[in-house]
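For reference, positions follow the sequence shown, starting with 1.
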Amino acid sequence: MLTGCATVSMVSTDAIVETERSDESSALAESARAFNTRAEAQGWVGEPRSLMDFASVLFSGNSEQTGRKAGTYAERIAASDEDVATVFETITDDARSTLQAFSEVQTVADTLLDENDVVRTDLINFETALVTAQKSYRGFAEATGIAASRGDEGLDETEAALKELAAAVDTARKTADRLADAYALEDEAEDAAAAS
C-alpha cells in the first residue's frame, strides 16, 4: 500500500507558478496561434520551394507537398499571368482578411497589457504572429508590384488595403515592445520577491 507515502516534487515553485500563470493568460497565445494557422491555411504566407521540394519534383514527380501548392504568394495567385483586376481583387480581399484576423490578436494583447499580467508564452506567440503578419504583407506587396507592372485596374483599392495592414503591423511592433517590457518587469518583481 503506497497511499500514505510522501511525494517529493522535482519541479521548482517558480516553474509551477509560471505554468499556472501561463494557463491563466493563454488567450493571447491561443489567438496568435489561430492567426498563424489561418495565415498558412489561406496561403497568405509564401512558401519558397526548399531543396527537398525540388528533389521530390525531380525524382518522384510530385509537384505538391502535403496537398498544398508551394511557392510565393505571388506565384500562388498567378500575379504575373492572371487578369490584373482579378489579381488586385484577390490581394485586396486577402489583405483585409489578414488585417481583420490580426486585429483580433492585437485586441487580446491590448487587454492583456491592461491587466498587466504578461508571461513568456504570450510574448513569444505574439511575436510569432507579428512575423507572420509581416511576411503576409511583404507577399501581398510583392504580388501587387508584379501585377502593377501590367496594369492598374483596381490598384488604388489594393494599395489602400495594404496601407491599413502596414499600419496594423507598425502598431503591433510597438505592442511587442510593450509586452516585452511588461514581461521583464514581471520577471524582475518575481525575482525580487523570491530574494526577500
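With sequence neighbours excluded, the residues satisfying side chain to side chain contact (heavy atoms under 4.5 Å, CB included) with Arg138 are Gln134, Lys135. With sequence neighbours excluded, the residues that form a side-chain hydrogen bond (donor to acceptor under 3.5 Å, both in side chains) with Asp170 are Arg173. Listed by chain and residue number, Ala85 satisfy the side chain to side chain contact (heavy atoms under 4.5 Å, CB included) test with Glu153 (two or more places apart in sequence, or in another chain). With sequence neighbours excluded, no residue forms a side-chain hydrogen bond (donor to acceptor under 3.5 Å, both in side chains) with Thr111. Listed by chain and residue number, Leu155, Asp156 satisfy the side chain to side chain contact (heavy atoms under 4.5 Å, CB included) test with Glu159 (two or more places apart in sequence, or in another chain). Shown here are the side-chain hydrogen bond (donor to acceptor under 3.5 Å, both in side chains) partners of Glu127, two or more places apart in sequence or in another chain: there are none. With sequence neighbours left out, Glu82 forms a salt bridge (charged side-chain N to carboxylate O under 4.0 Å, His left out) with no residue at all. Residues that satisfy the ring-ring contact (aromatic ring centres under 6.0 Å, His included) test with Phe35, not counting sequence neighbours, are Phe102. In this structure Ala143 satisfies the side chain to side chain contact (heavy atoms under 4.5 Å, CB included) test together with Tyr73, Ala74, Ile77, Ala79, Ile91, sequence neighbours excluded. For Asp152, the side-chain hydrogen bond (donor to acceptor under 3.5 Å, both in side chains) test picks out no residue, with sequence neighbours left out.
At a threshold of 4.5 Å between non-hydrogen side-chain atoms, the residues Asp110 and Gln106 count as touching. Inter-residue side-chain proximity for Thr92 and Phe140 is flagged as unmet; no heavy-atom pair is nearer than 4.5 Å.
The backbone N or O of Ala27 lies less than 3.5 Å from no partner atom in the side chain of Ser31, so there is not a single donor-acceptor pair. Listed for the Arg33 side chain is no donor-acceptor partner under 3.5 Å among the backbone atoms of Asn125. In this structure a side-chain-to-backbone donor-acceptor pair under 3.5 Å is present from Thr158 to Phe88. Using a distance-only test at 3.5 Å, with no hydrogens or angles considered, no donor-acceptor pair links the side chain of Arg38 to the main chain of Ala101. Between the side chain of Arg178 and the backbone N or O of Leu113 there is no donor-acceptor pair closer than 3.5 Å.
Between Asn116 and Ala182, the shortest heavy-atom contact is OD1-CB, 4.3 Å. Listed here is the closest heavy atom pair of Ala109 and Thr175: CB-CG2, 3.9 Å. The shortest non-hydrogen separation linking Ser97 to Trp44 is CB-CZ2, 3.5 Å. The two residues Leu123 and Ala180 come nearest to each other via the heavy atoms CD1-N, 3.7 Å. The nearest pair of heavy atoms linking Tyr183 to Val118 is CD1-O, 3.7 Å. When all heavy atoms of Asp122 and Asp117 are compared, the pair lying nearest together is OD2-O, 4.1 Å.
Grouping the Ile, Leu, Val, Met, Phe, Trp and Tyr side chains by contacts below 4.5 angstrom, directly or via other members, places Val169 with Leu162.
Sequence neighbours left out, the pairs with a member in residues 86-98 that pass salt bridge (Lys or Arg N to Asp or Glu O under 4.0 Å) are Arg96-Glu157. For residues 111-135, the set of pairs meeting the ring-ring contact (aromatic ring centres under 6.0 Å, His included) definition, not counting sequence neighbours, is empty.
Taking OG1 of Thr171 as the reference point, atom CG of Leu130 lies at 10.5 Å (rounded to 0.5 Å). Going from atom CD of Glu30 over to atom OG1 of Thr121 covers 9.5 Å, rounded to the nearest 0.5 Å. Interatomic distance, CD of Glu115 versus CG of Leu28, reported as 10.5 Å (0.5 Å rounding).
Neither side chain, Asn36 nor Glu40, offers a donor N or O lying under 3.5 Å from an acceptor on the other.
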